[in-house]
Undergrad: 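Below is the structure I would like to discuss, written out as structure tokens.
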Amino acid sequence: MRNRFDTQLAELNNELVAMGALCENAIASAVKALLGGDVKLAAAAIRIDHEIDRKEREIESMCLKLLLQQQPVASDLRLISSVLKMITDIERIGDQASDIAEIVELLPDACGHDEHIEQMAQATIKMVTDSLDAFVRRDLTLAWSVIEYDDVVDCLFVECRQDLIAAIAQNPGDGERVLDVLMIAKYLERIGDHATNIAEWVEFSITGTHKTER
């Protein structure tokens with residue numbers, strides 16, 4: 001019975017990693033679409049979000065079956081309940097990547113403020129990847145590093161916002177487009193927050209302690 005349960009847990013890990021990989025692709029596609037003014041790539045990012053939604057439902061079903069059929073012990077229960085929390089954040093990351101892509105579809109041309117946006121995208125993808133790696137490897141140190149790395153994304157957001165404010169001051173007529181780019185930067189900052197949430201649930205799955213209890 002335990003061997004079968006361990007096999008099912010391994011399958012759950014694989015599905016979670018696959019869902020995370022979809023998020024990484026969605027973020028990368030949305031930002032590439034933004035920087036290159038590629039509407040087709042933006043549409044691809046939106047389609048990926050639909051796949052993420054489907055994957056969330058599949059993983060949720062797997063978790064519920066494990067809870068109902070296997071009667072997991074305390075440590076396994078923590079792990080499965082953590083996955084249920086994590087997929088909510090992963091799904092929201094997909095939503096925000098899709099939101100970025102939808103803005104790109106409305107922009108008349110490529111983004112002119114690419115440096116901080118590209119850096120933020122790379123940083124948030126790293127956070128998503130590392131948070132899921134931490135879960136699969138049961139690596140508490142890596143989870144903590146993701147939580148700390150959110151400060152990097154927050155600093156990049158502040159720098160991006162300052163640059164955009166200066167851009168509006170220099171060219172008020174460009175205000176609408178600049179505000180769209182600021183909204184995109186905010187979505188990326190929120191993605192970093194969700195990756196942090198995932199890392200905190202990784203910590204809970206390993207230690208039984210969540211930040212709200214510290």
Side-chain angles (χ1 to χ4, degrees), residues 1-28 51-97 120-157 188-214:
M1 180 67 75
R2 181 68 207 188
N3 288 342
R4 173 171 169 73
F5 186 55
D6 288 340
T7 299
Q8 290 173 317
L9 288 178
E11 291 173 359
L12 184 62
N13 282 351
N14 291 338
E15 290 300 312
L16 190 69
V17 170
M19 187 179 180
L22 287 171
C23 275
E24 293 165 21
N25 289 338
I27 299 167
E51 294 181 48
I52 293 168
D53 292 342
R54 177 180 55 80
K55 187 68 73 176
E56 181 193 24
R57 292 191 294 271
E58 291 175 357
I59 294 174
E60 183 179 48
S61 178
M62 290 176 68
C63 289
L64 294 177
K65 286 178 181 178
L66 285 170
L67 290 172
L68 292 172
Q69 297 174 3
Q70 299 294 346
Q71 297 179 331
V73 298
S75 59
D76 296 326
L77 185 60
R78 283 203 312 269
L79 186 147
I80 295 168
S81 61
S82 296
V83 170
L84 285 169
K85 294 288 188 179
M86 290 161 62
I87 59 175
T88 299
D89 280 296
I90 298 172
E91 188 273 335
R92 287 174 181 168
I93 290 171
D95 286 345
Q96 281 152 354
M120 286 185 74
Q122 291 171 353
T124 54
I125 289 172
K126 171 182 170 58
M127 290 180 70
V128 173
T129 301
D130 286 353
S131 63
L132 294 173
D133 283 350
F135 175 77
V136 173
R137 290 157 44 185
R138 318 301 293 152
D139 189 333
L140 192 56
T141 300
L142 184 57
W144 287 337
S145 74
V146 172
I147 295 168
E148 292 176 358
Y149 200 76
D150 189 44
D151 290 341
V152 174
V153 175
D154 290 343
C155 288
L156 286 170
F157 173 72
L188 289 170
E189 188 265 341
R190 288 295 297 139
I191 289 172
D193 290 341
H194 286 302
T196 299
N197 290 345
I198 293 168
E200 288 170 349
W201 285 113
V202 172
E203 179 181 10
F204 171 77
S205 74
I206 297 170
T207 67
T209 301
H210 191 262
K211 71 166 189 176
T212 56
E213 301 170 349
R214 290 198 294 265

Undergrad: Can a donor-acceptor pair be found, under 3.5 Å and without considering hydrogens, that links the side chain of S61 to the backbone of R57?
TA: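 The answer is no, because no donor-acceptor pair under 3.5 Å joins these two groups.
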Undergrad: Going by an N to O cut-off under 4.0 Å, is there a salt bridge joining D193 and R190?
TA: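 Yes, D193 and R190 are salt-bridged.
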Undergrad: Using every non-hydrogen atom in the two residues, find where A195 and S131 come nearest and quote the distance to one decimal.
TA: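 The pair with the smallest heavy-atom distance is O-CB, 3.8 Å.
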Undergrad: Is the shortest side-chain heavy-atom distance between L132 and M86 below 4.5 Å?
TA: yes
Undergrad: What heavy-atom pair brings A143 and A134 nearest, and what distance separates the two atoms?
TA: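 So the two residues come closest at N-CB, 3.7 Å.
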Undergrad: Quick one: are I27 and L188 in side-chain contact, heavy atoms under 4.5 Å?
TA: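 The answer is yes, as the side chains (C-beta and beyond) meet within the 4.5 Å cut-off.
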Undergrad: Validate the cation-pi geometry between R138 and F135: distance from NZ or CZ to the six-membered ring centre under 6.0 Å, angle to the ring axis within 45°.
TA: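 Yes; both conditions hold, so R138 lies above the ring face of F135.
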Undergrad: Could you state the interatomic distance from CD1 (I198) to CD1 (I147), rounded to the nearest 0.5 Å?
TA: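 The CD1 atom of I198 sits 11.5 Å away from the CD1 atom of I147.
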Undergrad: Starting at CE of M127, measure out to OG1 of T196 and round the result to the nearest 0.5 Å.
TA: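 The CE atom of M127 sits 3.5 Å away from the OG1 atom of T196.
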Undergrad: Looking at E51 and K55, is there a salt bridge between them, counting it only when a charged N and a carboxylate O are closer than 4.0 Å?
TA: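 The answer is no: the pair does not qualify as a salt bridge.
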Undergrad: Quick check: do L67 and L84 have side-chain heavy atoms less than 4.5 Å from each other?
TA: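 In short, these two side chains touch, coming nearer than 4.5 Å.
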Undergrad: Closest heavy-atom contact between I52 and C23?
TA: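 Nearest pair, atom of I52 first, then C23: CD1-SG, 3.7 Å.
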Undergrad: So, for H210 and E200, which heavy atoms are closest and what is the spacing to 0.1 Å?
TA: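 Reported closest heavy-atom pair: CD2-O, 3.8 Å.
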Undergrad: Which heavy atom in L156 sits nearest to a heavy atom in A123, and how many Å separate them?
TA: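 Result for this residue pair: CD1-CB, 4.4 Å.
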Undergrad: Within the structure provided, determine whether L16 and I90 are in side-chain contact (heavy-atom separation under 4.5 Å).
TA: yes
Undergrad: Please give me the minimum heavy-atom distance between M19 and I87, naming the atom from each residue.
TA: CE-O, 3.6 Å
Undergrad: First locate atom CG of D6, then atom CG of L12, and finally report the distance between them rounded to the nearest 0.5 Å.
TA: 12.0 Å
